[in-house]
Structure formats: structure tokens, C-alpha cells
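Here is how names work: the chains are called A, B, and so on, in the same order as the sequence lines, proteins then strands, and each is numbered from 1. Not measured: the values here are computed from a predicted model.
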Amino acid sequence: MGETIVVTSGKGGVGKTTTTANLGTALAFAGYKVVMIDTDIGLRNLDVVLGLENRIVYDIVDVTHGNCRLKQALIKDKRFSSLFLLPAAQTKDKTAISPLEMEDLCDDLKEDYDYILIDCPAGIERGFHNAIAGADKAIVVTTPEVSAVRDADRIIGLLESADLRDPKLIINRIRPRMVKDGNMMDIEDIVDILAVELIGVVPEDEKIIISTSKGEPAVMDAVSKAGEAYRRIAQRIRGEEVPLMNLEVSNPIMETLRRLIGMR
Amino acid sequence: MLWELLYRLLGRNSSNPRIDAKERLRLVLVHDRASISPYLMNRLKEELIQAISKYMVIDEDGMEVCLDQDDQEVALIASIPIKMIKRDYMDNIHIRESS
Ligand SMILES: Nc1ncnc2c1ncn2[C@@H]1O[C@H](COP(=O)(O)OP(=O)(O)OP(=O)(O)O)[C@@H](O)[C@H]1O
Ligand SMILES: [Mg+2]
């Protein structure tokens, strides 16, 4: 019996799709059978991040409307034979699918797969309620900005009232240099305020943008820092205890300068 | 000018955006959470009534509990009209014993 995890955020553009693609790939790499569901109906994205956009024949609405069987709509990943994508419909709107249909879909998939990752659309409307309907657990993604954390707080409240308790937090796009200089909230500040368990921090990393251009998740890149962060999060999802990534910045010249003029 | 630049380069700033951000976030969340959950404010009101009723009779209909915000802080403001204060038996006992 598999586990369904919804990746959500409230605020748009903070990294839900990036997170879903990377965690799905990392879990498949570790040998698990994984399906990623894109529930952002009308704004399909996950296919492109994974480089699978040319293989789509059927989508999630085709499945729930009975135009095809579930197996026919699942697209196998290029790299991993145990990784699948159920794409969002591009031409329909969010009401084309209901929370009940989502629940049934997730129940079906749980029979055959170890992890079902649901990429949630931004916002707190119908799309959000669809995305969380079949979920056993939730991951909330935020960036270290006031507006994103505020929306994350709202989402955590909504998840709790939908009985998805103890969501796990990912703080994405951390810029260690800016944190160090006091220009940005720190991990501690955010965890302190949201009072939820942190499952990972992902640094700002150009490799994410490069990987999106190539359609190849950053976890596949051995030197990408964000990729490394996502590999660790995947390990934590599997129940392993791994330390947070060390994101300390040290610039020897600046350190010396600081010490020289006594600004420590 | 040069010093200012050097100060900025070395990460010393008179106002600290990190602390500002955390503070603003804290304030906005106090308000968000309270306004999103009327349930929470209602429960607080119920429990206040219970606690206060041990000591005084209050006008529950005239009672008002709300949040008041300025730039610095959010405060819980309660206006609770009292109809009657109960007699303090404990204190009477105390006086009798000591005399
Ligand atoms: N750690 C990171 N470093 C650099 N760029 C990032 C990082 N995470 C995400 N991005 C970039 O931010 C943009 C938004 O990311 P993504 O599409 O994953 O967000 P989203 O939450 O799914 O957005 P939406 O709400 O629109 O669905 C993308 O262009 C992505 O490449
Ligand atoms: Mg997305």
C-alpha cells in the first residue's frame, strides 16, 4: 500500500512543481515505484520540467471522465522505468474534476505504487481542495519571504482543518549570503513562526533553471546544491535521518577583513 | 560614502531587514490567524466569561473582545461590563481568624 503526499504552498511560484519533479525522481532513483500527478488543470507544467511534454496522449480529466484507462494516461519517465506522470488537462478548468474523483484516483494508484506525489496549484480554491482530497500527508513549500510564509501559514491552517495534520515544511530558494548579511529571514525565524516540522532547505541554485531548460531534474546533477538538498529530503521521506545541508557561506577574504577591523 | 559602502559590504546595516521581516510577519500572522478563525475568538470569549463569572456577574451581551493593531504591536482588547461583584468570603474568613 503506497502513500500519497501533496506538495502545496498557497503562494504561486515558490517551487511546488520543482519540488515534485525532484522528489519523484529521487525516490524512483532509490528504487521506489512513483507516480506524480499534476493537478494544475489549465496550467500544466510538470511535464515540461520532466521533459515529457511530447509524450502526452491522455490526461487526468480523460481518466476521471472515463475516456481512457488509468494505465493508458500514465507516462513513463525517460530515465526511470518506475517513475510515472499523470499530466493535468490543459484545455479544461478546475471544476472538470472533483475531490471525490481525486480520492478514488489516489486509492487506485496506492495499490500499485509506493509514492504518489501530487503537485498542487497555487491558491486556496477548488484546485487546492482537489489536490489535497486524496492525500495522506502534506509538504508545504515556502520561500524565505514575508508574503510566501504568510500564505504558507494559511495553507497549514487549511490543511489542519482538512485533517492533514503535521505537514512538513520545505524552505526553498534560501540565499545563505543574504541570510548571513541579515537581509533575509533565516531558517530558524521561519520554523519558529510557523511551528511545523522542517523536512528540508533548498538553496537558490542556477542549476534549477538550467535543469528546467533541459527537462532534467536537478537531483540527477551530482554537483547541484539544490539537487543534493532534494536527495536529502527524499531520504527523510523514506524515514531516514539525515542532517540538514550545510549552507554556511565562508569567504576567507571578507572574514579576514572583518577580523582586522574588529567587526566580529 | 566610502565607509558606508564598506559597512554595507561587511554586512553591517543600521536597520536589519531580517529582523524587520520577522517582526512584520509575526504581526500579520497574529491578525490573519484571529480573523481566519472566528471560532478561536469565540472560544476565548466563552472561557473568559467562565473565568470571570467566578468573581463577578458580567453583562455577556455587552461584552466585546477584539484585536487592536498599530505598527508596533497587536493587543487583545476586552471590554466587559460588570453588573455585580461577588462577596469575597475568603477574605472575610481571613479577617475573622486574625482578629
Ligand atoms: N531553488 C531554486 N533556485 C532557483 N530557481 C528556482 C528554485 N526553485 C524554483 N525555482 C524557479 O522558480 C520558478 C517557479 O518554480 P515552480 O514552477 O516549481 O513553482 P510553483 O510553486 O510550481 O509555481 P506555480 O504556483 O505557478 O505552480 C521556476 O522558474 C523555477 O525554475
Ligand atoms: Mg507549479
Please state whether the side chain, the backbone, both or neither of B/L29 comes within less than 4.5 Å of a heavy atom of chain A.
side chain
Turns out that what part of A/D186 lies under 4.5 Å from chain B's heavy atoms comes down to both
Heavy atoms of other groups near A/E240 CD, more than 12 under 6.0 Å:
yes
Atom CD of residue position A/E197 - does it have more than 12 heavy atoms of other residues, nucleotides or ligands inside 6.0 Å?
no
Value rounded to 0.5 Å, distance of CZ in B/R33 from CG in A/D153:
4.0 Å
More than 12 non-hydrogen atoms from neighbouring residues, nucleotides or ligands closer than 6.0 Å to NZ on A/K137, yes or no?
no
CD (B/E23) and CG (A/D189) are apart, to the nearest 0.5 Å, by 11.0 Å
Please name the pair of heavy atoms, one in A/G182 and one in B/P17, separated by the smallest distance, quoted to 0.1 Å.
O-CD, 3.1 Å
Do you know which of A/I190, A/V179, A/V146 has the most heavy-atom pairs with chain B at a distance under 4.5 angstrom?
A/V146
Report the distance from atom CD1 of B/I19 to atom CE of A/M185, rounding to the nearest 0.5 Å.
12.0 Å
Are the side chains of B/D32 and A/R154 in touch, meaning some heavy atoms are under 4.5 Å apart?
no
Please round to the nearest 0.5 Å and tell me the distance separating atom CG of B/L25 and atom CG of A/L194.
7.0 Å
Which atoms of A/M184 are under 4.5 Å from chain B, going by heavy atoms: the side chain, the backbone, both sets, or neither?
backbone
B/K22 NZ to A/E188 CD distance, which is reported to the nearest 0.5 Å
7.5 Å
